[in-house]
Protein chains: 2
Amino acid sequence: MQPVGLSGARIIAPRGRDAISTEAETIAAGDAQAGQKPAASLHQRILGEIRERILTGEWPPGHRIPFEHELAASYGCSRMTVNKALSQLAATGLIERRRKSGSFVRRPASQSAVLEIRDIGEEVRDLGLAYRFEIAARARRKATIADRERLDLAAPGPVLVLTCQHFAGARPFCLEERLINLAAVPEAAEADFFEEAPGPWLLHRVPWSSAEHRITAAAAEGPAAQALRLAPGTPCIVVERRTWSAEQTVTHVRLTYPGDTHALVARFGPGGGG
Amino acid sequence: MQPVGLSGARIIAPRGRDAISTEAETIAAGDAQAGQKPAASLHQRILGEIRERILTGEWPPGHRIPFEHELAASYGCSRMTVNKALSQLAATGLIERRRKSGSFVRRPASQSAVLEIRDIGEEVRDLGLAYRFEIAARARRKATIADRERLDLAAPGPVLVLTCQHFAGARPFCLEERLINLAAVPEAAEADFFEEAPGPWLLHRVPWSSAEHRITAAAAEGPAAQALRLAPGTPCIVVERRTWSAEQTVTHVRLTYPGDTHALVARFGPGGGG
DNA sequence: CAGTGGTCTAGACCACATA
DNA sequence: ATGTGGTCTAGACCACTGA
């Protein structure tokens, strides 16, 4: 963690990048990234060194980072290379760039966490348990008012209602209550969801999607409690997800996990990206 | 949403980018981004048009995107400009790049959600309610084994233990149980947390941080139930966060929210970054 | 008005994976 | 061996914006 003087560590690069490669990597070795990554490319190294200064507090929030042309001179590289590093830092939220003024270290406004909602089957298997699922109920109907609300539909249309139980070994792992917009995914009407659970089935068929998640806690009640084999009143994590694809709502799913067994874990590298 | 033929929309750019600017923007107008953003810069426009093809399913997962030099020729720009767009698409996880093979549309493997854990005070005020907090307990002690586990500390050291109640109007909003590593933040020992709650206080003093979040559901018990004025057994969302700064654990906090009142909401643009 | 970041170019060399 | 993406350059013009 000893600092490499930014203005001090001047690297001479007569032409091309290979001229600096050996020397630069020697200097960078086990430094910028706290000894983790070799930081192969120059812009990566620049990024790492600046990030380190911010993370250690050497450059506190509000501090003005050297101008692009200054950094370019310091590192003996072109401005584009510096720009690539700074742009990425700005994209991840670590710095803020203002024309005419320069680039500044941002104050971390809010904590954000990147939650990865993985495939349930994979998750269970990763725990070293046998995975199994079961379609407990299946119905096709014209969207009720409640359905339309869940799917954010303007007009009523055909929907598929599914209840699916996921098991880890012999024990229930998760209860899935799903609504599929058949206007968006007509093929779902004929799917049997025997090989593939509805989640992965959709994931493999619907091109790309954005989603909105809502996480709450609720007490297990009646049928849900029975499906999860929990005493009524047991606290559960409920994850509700609404998925869009190309401006159309595809599905709404409510996943209920026993709260004492299950936890959602999220890591956060300052900015969510890098 | 009508497709602009990628190979068809050839734009002649004799030299400099201004030569294409008017023409290009006319072509791009209200097209690539579904008529939302002007897509000022060329690499942004390229990115948008490719993303649109992926999102609509025109280019399904596994599809090979035109090579950089092909796109460069199509758009009549340099390879770097195309590269910028493709790199960004790769960074957000929409495509995957392989040397020698090309760039491919990725199959969305897992849903990831960006959870924004906001400042509690701000959150309450945004709801239009009066915010107030209260330090209910405060103690300084040598880290117990449990403390060391929560803070991931190798050796015992001084810690500050805080219990803080957050109110929305007259009603309890959240219970905060916090542990601060005084080796990392010695100033905390003298802080009174009268003006500023421990969360923002740390946020303003500790440079930058990464964190690990753990979200579970639990039943309100004894003192916690009393603090939140809940009947024992009421399901609650529990958010635990461990925060590092420069290789040192700074704090561990457990936030307990009444589960029926509170929900964590996360939006997700495919990839988390964009 | 001066200076910053934003963008773009027309080359170039390299590592690397694949055919 | 071939061709891809990865990286970098040494310029350039522009828009914006703060002094």
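Order of the sequence lines fixes the chain letters, A, B, ..., with proteins taken first and strands second; residue numbering starts at 1 for each chain.
- Phosphate contact (OP1/OP2 of D:dG5, side-chain N/O of B:Ser87, threshold under 4.0 Å): absent.
- As rounded to whole Å, 14 Å separates atom C1' of D:dG5 from atom CG of B:Leu89.
- Spacing between atom CZ of A:Arg45 and atom P of D:dC8 amounts to 10 Å, rounded to whole angstrom units.
- Residues B:Arg107 and B:Pro61 approach most closely at CA-CB, 3.9 Å, considering heavy atoms.
- Of the candidate nucleotides D:dT9, C:dG5, D:dT7, D:dT9 has the atom nearest to the side chain of A:Thr81.
- Relative to the side chain of A:Phe67, the nucleotides C:dT18, C:dT4, D:dT9 differ in distance, and C:dT4 lies closest.
- Distance from the side chain of A:Arg99 is smallest to C:dG6 among D:dT4, C:dC8, C:dG6.
- If you measure from atom CD1 of A:Ile95 to atom C1' of C:dG6, you get 13 Å, rounded to the nearest angstrom.
- Between the side chain of B:Arg79 and the base of D:dT7, at least one donor-acceptor pair of N or O atoms lies under 3.5 Å.
- For B:Arg97, the listed nucleotide lying nearest its side chain is D:dG6; candidates were D:dG6, D:dT7, C:dT18.
- The aromatic rings of B:His166 and B:Phe133 lie tilted to each other, with the angle between the two planes from 30° to 60°.
- Going from atom CG of A:Leu71 over to atom P of C:dT4 covers 12 Å, rounded to whole Å.
- At C:dT4, none of the side-chain N or O atoms of A:Ser101 fall inside 4.0 Å of OP1 or OP2 (strictly under the cut-off).
- One cannot find a donor-acceptor pair under 3.5 Å joining the base of D:dT7 and the side-chain atoms of A:Lys84.
- Scanning both residues, A:Ala266 and A:Val114, for their nearest heavy atoms gives CB-O, 3.3 Å.
- Residues A:Phe104 and A:Arg64 share a closest heavy-atom pair of CE2-CG, 3.2 Å.
- Nearest-nucleotide mapping onto DNA chain C: of A:His69 and B:Lys100, the residue sitting toward the 5' end is A:His69.
- In the set C:dG6, D:dG6, C:dT18, the nucleotide with an atom closest to the side chain of B:Arg98 is C:dT18.
- Side-chain proximity of A:Met80 to the nucleotides C:dG6, D:dG5, C:dT9 is greatest for C:dT9.
- Look at CG on B:Leu86: it is 13 Å from P on C:dC8, rounded to the nearest Å.
- Heavy atoms from other residues, nucleotides or ligands lying under 6.0 Å from CZ of B:Arg214 number 12 at most.
- Computed from coordinates, the A:Glu68 CD to C:dC8 C1' distance equals 14 Å when rounded to whole Å.
- For A:Gln44 and D:dG6, the shortest distance from a side-chain N or O to OP1 or OP2 is not below 4.0 Å.
- Atom CZ in B:Arg64 sits roughly 19 Å away from atom P in C:dA17 (whole-Å rounding).
- Rounded to whole angstrom, the span from the OH atom of B:Tyr75 across to the P atom of C:dT9 amounts to 13 Å.
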